[in-house]
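Numbers restart at 1 for each chain; the letters A, B, ... are given by sequence-line order, proteins then strands.
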Number of protein chains: 2
Amino acid sequence: MIASADCARPPLTGQPISEAAAAGPARVFKALGDPVRFRLVSLIGARQGGEVCVCDLTSAFDLTQPTISHHLKILRESGLIESERRGTWVYYRLVPGALDRAAALLAVPRV
Amino acid sequence: MIASADCARPPLTGQPISEAAAAGPARVFKALGDPVRFRLVSLIGARQGGEVCVCDLTSAFDLTQPTISHHLKILRESGLIESERRGTWVYYRLVPGALDRAAALLAVPRV
DNA sequence: CCACTGAATCGACATCCGTCGATGAATCGC
DNA sequence: GCGATTCATCGACGGATGTCGATTCAGTGG
């Protein structure tokens with residue numbers, strides 16, 4: 001009530017977004033906000049067949065296997081990718097529609 | 001060269017993304033990856049007229065003015081928003097097309 | 001010229017985060 | 001059952017990050 005009263009602007013249109021509603025999107029974009037993780041998503045998405053085994057992902061970076069595993073976990077917990085174990089190997093793929101839903105969050109309102 | 005040879009998968013299609021090319025997108029998504037900053041973008045984008053003065057943004061959060069200013073700076077440096085001073089107040093608006101370009105980065109290749 | 005208001009910058013601090021080496025769990029082949 | 005391989009988890013460490021109070025800068029109006 002201090003400053004905003006003097007600014008005298010029209011009220012915000014629509015419902016801008018609640019504090020709670022921002023947590024989910026922020027989590028997804030935070031997951032994408034690391035160069036390694038963004039490249040991981042790119043590598044997985046670019047693979048024809050849609051599946052990549054961890055060993056291929058690890059070899060694509062100059063990082064240790066635990067570090068890659070850590071980033072994959074964050075991406076998994078954000079809902080962007082999912083994994084499946086087949087025999088010795090674990091395969092990662094994009095969750096269908098997850099990236100599209102994230103992109104839809106960036107649609108500018110009122111345009 | 002250790003593990004990837006044994007995995008024997010088809011090569012990645014397209015150009016997945018280089019290490020350098022991931023830095024830019026990661027910077028943008030990192031900026032969006034904070035609940036406060038995501039709400040700031042939402043608040044600015046939802047405002048009809050497209051401009052919001054800092055005082056309104058500050059009053060929308062339970063945070064101090066320097067903290068909001070800090071987040072605005074990060075969003076500005078990521079290229080998502082821009083500011084203009086008019087008299088006593090500073091107005092922020094979305095950079096036209098910036099959110100759309102960010103959303104386009106999430107398009108799944110090969111689909 | 002000076003007080004006042006709005007906003008950015010600075011310095012400090014606690015916490016989070018990315019990375020590593022070491023270890024553990026799951027699976028396969030022999 | 002045993003060793004080898006793939007991947008996840010754990011513990012630790014250094015650097016980045018979000019937040020604050022205090023200060024400084026910019027612009028307005030007496």
Can you tell me how far [atom2] of [N] sits from [atom1] of [X], to the nearest Å?
X	N	atom1	atom2	answer
I74(B)	dT19(D)	CD1	C1'	12 Å
R86(B)	dA26(D)	CZ	C1'	16 Å
L40(B)	dT19(D)	CG	P	10 Å
F61(B)	dA7(C)	CZ	P	15 Å
D34(A)	dA16(D)	CG	P	13 Å
D62(B)	dG18(D)	CG	P	18 Å
E84(B)	dG27(D)	CD	P	12 Å
E77(A)	dG18(C)	CD	P	12 Å

Could you tell me which non-hydrogen atom of S83(B) sits nearest to which non-hydrogen atom of V90(B), and how far apart they are?
-> CB-CG1, 3.9 Å
For the side chain of [X], counting heavy atoms from C-beta on, which of [options] is nearest?
X	options	answer
P66(A)	dC17(C), dG18(C), dA22(C)	dA22(C)
H71(B)	dG18(D), dG18(C), dG21(C)	dG18(D)
Q65(A)	dA8(D), dG21(D), dG18(C)	dA8(D)
H70(A)	dG6(C), dC20(D), dG18(C)	dG18(C)
T88(A)	dG6(C), dT5(D), dA8(D)	dT5(D)
L63(A)	dT6(D), dA8(C), dT19(C)	dT19(C)
R85(B)	dG18(C), dA8(C), dG27(D)	dG27(D)

When you check the phosphate oxygens OP1 and OP2 of dC20(D), does a side-chain N or O of T64(B) lie under 4.0 Å from one of them?
-> yes
Side-chain N,O (K30(A)) to OP1/OP2 (dC16(C)) below 4.0 Å = no
Please classify the nucleic acid contact of [X] as base, sugar-phosphate, or nothing, using heavy-atom distances under 4.0 Å.
X	answer
L57(A)	nothing
L72(B)	nothing
Y92(A)	sugar-phosphate

Would you say the side-chain atoms of S59(B) pair up with the backbone N or O of C55(B), donor to acceptor, closer than 3.5 Å?
-> yes
NZ or CZ of R86(B) within 45° of Y91(B) ring axis and under 6.0 Å | yes
Between R101(B) and the options V95(B), V28(B), L80(B), the side chain to side chain contact (heavy atoms under 4.5 Å, CB included) test singles out V95(B)
Answer with yes or no whether the hydrophobic clustering places I81(A) together with L105(B); edges join I, L, V, M, F, W, Y residues whose side-chain heavy atoms lie under 4.5 Å apart.
-> yes
